[in-house]
Structure formats: structure tokens, C-alpha cells
Amino acid sequence: MPVAAEPNEPAAWAGGILTIDLSALAANYRTLRDRVGPAVTCAAAVKADAYGLGAARVVPVLHRAGCRTFFVAHLAEGAAIRPLLGPDSTVLVLNGAMPGTEGALHAAGLVPVLNSLEQIARWRTLAHQAGTTLPAALQIDSGMSRFGLSEDDVDTLLAEDAPLAGIAPRLVMSHLACADEPAHPANHAQRTVFQRLRARLPSLPASLAASSGLFLGPDWHFDMVRPGAALYGINPTPGLSNPMQPVVRLQARIIQTRRIGPGTAVGYGAGFIADRPSHIATLGVGYGDGFPRAIGGHGHAVLPDRPDILLPIVGRISMDCLAVDLTALGDSPPAAGTALDLIGPHHPLEDAATAAGTIGYELLTGLGTRYHRRYRDDTSPQDTSPQGENG
Ligand SMILES: *Cc1c(COP(=O)(O)O)cnc(C)c1O
């Protein structure tokens, strides 16, 4: 993977370089699909601009890898990606339709996840007005208290004469709150509620697991899994080694270096004071790029040539820059223009997220628009085999 840019490349004009490996993304999709086997549909969560990586680039790659079902959070996100996909694919809107937007959602070729009796009623009204039957997914709240029908809602719904008149339900789904903690009792409790409530609804393909739920095992796969994070290289099995390939590399270029003596302060608020003769580099990435301010004093950078040495990020993060202590590199420090990894092959996303007191999800979705973005794509065009559509 290229590290520094030639001076005349746009990459050299930005303080940071964000490299997104679309081949690794496709490989991660295949890993997850193979893990659930051919009887289970492997969908993809591409909300929040594909977790910050660019839905317009990510969606076609996933389609080429065989994905035919895509989840976004909002109508606007769905409308943006729907034109990238053909009639062989389904785009589901997790939040459902906000009041008054049902017609727009349908006209955009999207399928809502109906989360409440009110959303069901509004979707039914649209179907009635249109004189047709409209597809939808139904969500059950199995214990997360976020989206979906409660047990009482299911009672109310089923007490109606034709509760789903005009609706062609395609999927019944729920979402796990604690799947990243395999021993958490909420997992089995939610599965039990999901099973009980879905048995009361029309017989439909079912989906419960996202990335971490998929790794809880086959009892959690049902007919469809909906990974997002794992596709983008986030570890779905926290505490165990990451079964996914890294997709993201974030590099920051050295703007200048300086030698400072003991007692010398670095950055806003004199947040770091050297206790020895030190060699400090100023790098061109800051919180204005979405690199978390909370990582100041905790995180590390890595010189790709010396992956064995973690270089501390010292002092506070500024809007446009941050400081790294290069002292451990010895007497021949890297020159201005050299790119250091803030996230990279020797410094995983999770380590940076932990240092910032957050999770990989937030770090990725927060990465800003100021980086020079590079997409690597060696995905082979012959890998077009679609998966059986059972959801
Ligand atoms: C975000 C989301 C997913 C994907 O979750 P990951 O943990 O990123 O795999 C799946 N289903 C629902 C309902 C979601 O909100």
C-alpha cells in the first residue's frame, strides 16, 4: 500500500490520507456470507454513508460480491444509494417512514422497516390510496426498547380485522443489544421473545443478528443476517482476535519537527510537558478531521518503517494538527511530508478507538471529509454470483 504521495498528487495537498481497501471489504463480505452458509441471506448495513467510508463506493463493491439486501437508517440515505442498484436488490430503511414521507419512500423504490403500530397504519393508508400492495419489513422489540412492536402492540395489531391489509410483509426482524458480550443473558432472553412474537405473526423470513450476533452461532442466524461493522473491519468479537480484514488506514503527514528540552510545553493548555530532551512532530490531522480530541495524551502513531515502535500522541489535539513524540525513533527522525499511521496495519482501529475512550463504530463514522481519500479496489469482476434471495 503506498505511504507517501508525490508532491504533485492531490494526496500531498491534504494533511491526512484515508485509504479504504475495497478488496478487503469484499473479502469481509465473503467471510461473513460463508460463515452463515448458503441457506442464510447475508445483507449489509450501509447506513451513515457506509460507516463513514462512502456508500457510493461501498455499495457497488458489495453488490459485486453478491449482496442483494442493503439496510440504511434514513429515507435520504436510501434515496442516495437506490440508483446504484438494479431491480435485483432491496434497500430497507431501518427507521421506517417519518409522517408524510411514505409516498416519497415508496416512490424512491425503498422498503420501510415498520417499527410501530402508527407506522403500520400509515403504510397501510398509502397502500389503500395507491390501490396496491406495498412491501415492508416488520420489526419486533425483543428487549432493546428502541424500535419495533412490543408484545402489547402485537396483541393490538392482531385484534384488528385485517391488520396487514395492503401490506406485503417480507421480513420480520429484531436487534440484539448485547451481542458483543456472548455470555450476556440478554442475548437468549431477546431470542426467546423474538421467537415467541414472530410465531404470532404471519410466517415470514426472520432476521435477528448483526455483526456480533452472527458470531454467536447458527442459532442466531435465522434467514438473514445484517452485518455492518464487521464488513468495515471492526472486530465483531471484542476481546478475541479480529476475524475480519482491516479496511481502513488513516495517515497523517508530518508538517514540521522540533527538538525540545525538559520542561518545555507542547500544545494548547500546556497539556504536555517534556521530562527529557524530546523530538516532537506536528502532524496535519486534528479534531476538525473528526480525529477525536479525547485521544490527546492517550493514542499513538506508527512510522510504517518502524512498526515495532508506538509513538505517543502528546498534549491536546488541535483543530488542524496534533503532536507526536518521535524521541523513541532516535537520531534520524522522519522528514516533513512523511506519513505516519494513526490507524493502520500495525495500529488497529480498535486501539485508536480505545485510546479515545470510544468504539470503532464512532471513530469510523466520525471521520471527516478533509482527508484525501484513496480507494483501493482489486475486486475481481467475475465474482458476481448473487445469493439466493430469501428475504
Ligand atoms: C446498525 C444496525 C445493524 C448493523 O450492525 P453492526 O453491529 O454494525 O453489524 C443491523 N441491524 C440494525 C437494526 C442496525 O441498526
Side-chain angles (χ1 to χ4, degrees), residues 25 28-29 31-33 35-36 40-53 55 58-59 62 67 69-75 77-78 81 90-96 110-116 119 136-149 170-182 184 186-187 190-191 193-194 198 205-216 220-240 242-245 247-248 349-350 353 358-367 391:
L25 170 81
N28 285 342
Y29 178 78
T31 296
L32 298 172
R33 180 192 62 188
R35 193 168 181 101
V36 297
V40 175
T41 298
C42 189
V46 295
K47 60 199 183 184
D49 202 24
Y51 290 46
L53 304 189
V58 161
V59 164
L62 291 174
C67 185
T69 307
F70 298 84
F71 286 89
V72 294
H74 305 287
L75 165 53
E77 294 178 329
I81 66 160
T90 305
V91 178
L92 292 116
V93 180
L94 288 166
N95 291 0
L110 307 172
V111 177
V113 176
L114 300 177
N115 296 301
S116 63
Q119 288 191 343
L138 298 176
Q139 175 130 240
I140 286 170
D141 175 18
S142 57
M144 193 176 182
S145 306
R146 197 175 69 161
F147 290 109
L149 304 178
R170 292 208 191 151
L171 179 74
V172 59
M173 59 178 277
S174 191
H175 193 55
L176 295 168
C178 305
D180 57 342
E181 298 173 57
H184 201 295
N187 293 323
Q190 285 198 260
R191 190 174 177 279
V193 173
F194 183 55
R198 87 178 179 102
S207 177
L208 182 60
S211 296
S212 293
L214 195 156
F215 284 84
L216 292 176
W220 307 83
H221 295 166
F222 293 91
D223 303 296
M224 181 192 288
V225 292
R226 317 180 300 270
L231 293 170
Y232 311 112
I234 293 173
N235 187 356
T237 58
L240 303 176
N242 190 348
M244 314 315 299
Q245 289 189 27
V247 174
V248 172
L349 173 66
E350 270 75 19
T358 184
I359 55 175
Y361 291 70
E362 188 182 20
L363 188 53
L364 275 196
T365 53
L367 292 178

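One-based numbering, in listed order, for ligands and for the atoms of each.
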Need the ligand 1 atom indices (1-based, order shown) with element for anything under 4.0 Å from a heavy-atom of [X].
X: Gly228; result: 4 (C), 6 (P), 8 (O), 9 (O)
X: Pro227; result: 9 (O)
X: Arg146; result: 15 (O)
X: Lys47; result: 1 (C), 2 (C), 3 (C), 14 (C), 15 (O)

Once you round to the nearest 0.5 Å, how far does [atom1] of [X] lie from [atom2] of [Y]?
X: Met144; Y: Gln190; atom1: CE; atom2: CD; result: 7.5 Å
X: Ser142; Y: Leu149; atom1: OG; atom2: CG; result: 11.5 Å
X: Arg170; Y: Ser207; atom1: CZ; atom2: OG; result: 14.5 Å
X: Leu114; Y: Met173; atom1: CG; atom2: CE; result: 11.0 Å

Which heavy atom of the protein is the closest neighbour of [atom], given with residue, atom name and distance?
atom: atom 9 (O) of ligand 1; value: Ser211 OG, 2.5 Å
atom: atom 11 (N) of ligand 1; value: Arg226 NE, 2.9 Å
atom: atom 5 (O) of ligand 1; value: Ala210 CB, 3.3 Å
atom: atom 7 (O) of ligand 1; value: Tyr361 OH, 2.6 Å
atom: atom 8 (O) of ligand 1; value: Tyr51 OH, 2.4 Å

**Prompt:** So is Phe147 close enough to ligand 1, meaning a heavy atom under 4.0 angstrom away?
**Reply:** no

**Item:** Non-hydrogen atom of Ala230 closer than 4.0 Å to ligand 1
**Value:**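 No.
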
**Asked** Between Ala229 and ligand 1, is there a nitrogen or oxygen pair with a distance under 3.5 Å?
**Response** yes

**Message:** Donor-acceptor pair, distance only, cut-off 3.5 Å: does the side chain of Asp141 make one with the backbone of Ser116?
**Reply:**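 Flag not set: sc Asp141 to bb Ser116 has no pair under 3.5 Å.
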
**Request:** Measure Ile234 to ligand 1 on non-hydrogen atoms and call it side chain, backbone, both or neither using the 4.0 Å cut-off.
**Result:**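 None of Ile234 does.
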
**Asked** How far apart are the closest heavy atoms of Val93 and Leu75, and which atoms are they?
**Response** CG1-N, 3.6 Å

**Message:** Tell me if the centroids of the rings in Phe222 and Phe194 come within less than 6.0 Å of each other.
**Reply:**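 They qualify: ring centres under 6.0 Å apart.
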
**Asked** Any side-chain donor-acceptor pair under 3.5 Å between Gln245 and Asn28?
**Response** no

**Message:** Can a side-chain donor-acceptor contact be found between His221 and Arg35 if the only test is distance below 3.5 angstrom?
**Reply:** no

